[in-house]
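Only one structure is covered here, and it is reproduced in the block below.
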Amino acid sequence: FENRASNQIPINVIPAAPGIFTQNSSGGGAGSVIRQTGELITAQAPAAAGEVLTLFATGEGATTPAGIDGKPVAAPLPLPKLAVKVVIDGQEIDSLYAGGAPGLVAGVLQVNFTMPPSPSGPRRLRLKIGDKLSPDTVTINAR
């Protein structure tokens, strides 16, 4: 019925709820992280210290300019209003770029970062946006 208000329902809104995309699309296991060449980081092709890598995520919260759901991202690229950091085994790493992923839809966050020195093998990979951390279920392979 037009022009009628519905019942009011309180809804909690949080500033961010980061989640890293994973290779098996489950939200757990190896993260969808690529080299500048486009090669996927895997156990057979692990990341080296000093490499610039890109991960893809969602849940960045409000952006400037605001994104439009389902619309491909175009210039100017939307940037999160909150600070974005990559966290590997508890070590916070500043992002080199965090914002819209050109050619993908609004809501996909691209984060470029430099791989820190790490022991070889799978390392815990998280994303911190503002004070919110992604689930502790994603890994990145290091060498």
Side-chain angles (χ1 to χ4, degrees), residues 1-43 45-119 121-142:
F1 304 124
E2 293 183 35
N3 298 319
R4 287 190 163 171
S6 68
N7 295 336
Q8 292 185 359
I9 301 171
I11 298 174
N12 292 328
V13 178
I14 58 175
I20 299 171
F21 295 156
T22 58
Q23 293 177 27
N24 65 12
S25 303
S26 73
S32 291
V33 183
I34 60 173
R35 294 184 162 81
Q36 290 181 310
T37 61
E39 179 188 15
L40 191 63
I41 300 298
T42 65
E51 263 190 289
V52 175
L53 305 173
T54 299
L55 67 77
F56 297 93
T58 192
E60 70 269 32
T63 61
T64 302
I68 299 171
D69 287 347
K71 182 178 179 186
V73 172
L77 298 173
L79 302 176
K81 290 185 176 183
L82 299 172
V84 176
K85 294 186 181 280
V86 174
V87 183
I88 298 178
D89 283 346
Q91 177 186 355
E92 290 188 9
I93 303 151
D94 291 330
S95 58
L96 302 173
Y97 168 79
L104 298 180
V105 295
V108 175
L109 176 67
Q110 175 180 323
V111 181
N112 300 348
F113 65 99
T114 303
M115 183 70 181
S118 296
R123 314 307 325 151
R124 290 180 24 229
L125 174 64
R126 299 181 84 181
L127 190 61
K128 184 176 181 183
I129 301 178
D131 64 354
K132 303 294 182 187
L133 279 167
S134 64
D136 192 11
T137 56
V138 180
T139 60
I140 184 171
N141 282 289

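Index from 1, following the sequence.
Considering every non-hydrogen atom in both Pro117 and Ala49, the closest pair reads CA-CB, 3.6 Å. Heavy atoms only, all atoms of each residue included: Pro18 and Leu127 are closest at CG-O, 3.7 Å. The heavy-atom pair separating Ala47 from Ile140 by the smallest distance is CB-CD1, 4.4 Å. Taking each heavy atom of Ala17 and Ile14 in turn, the nearest pair found is CB-CD1, 3.9 Å. Looking at every heavy atom in both residues, Pro119 comes nearest to Ala142 through O-CB, 3.6 Å. The two residues Gly99 and Leu79 have their closest heavy-atom pair at CA-CD2, 4.0 Å.
Side-chain contact between Ile34 and Glu39: absent, with no pair of heavy atoms (C-beta onward) separated by less than 4.5 Å. For the pair Gln23 and Thr42, the minimum side-chain heavy-atom distance is below 4.5 Å. Here the side chains of Ile41 and Leu53 are in contact, with some heavy-atom distance below 4.5 Å. Under the 4.5 Å side-chain criterion, counting only non-hydrogen atoms from C-beta, Val33 is not in contact with Leu40. In this structure, the side chains of Phe56 and Leu109 stay at 4.5 Å or more apart for every pair of heavy atoms. No side-chain heavy atom of Ile88 sits under 4.5 Å from any side-chain heavy atom of Arg126. Looking at Leu82 and Glu60, their side chains never come closer than 4.5 Å, going by heavy atoms from C-beta outward. Looking at Val73 and Leu104, their side chains never come closer than 4.5 Å, going by heavy atoms from C-beta outward.
Between the side chain of Asp89 and the main chain of Arg124, a donor-acceptor pair closer than 3.5 Å is present.
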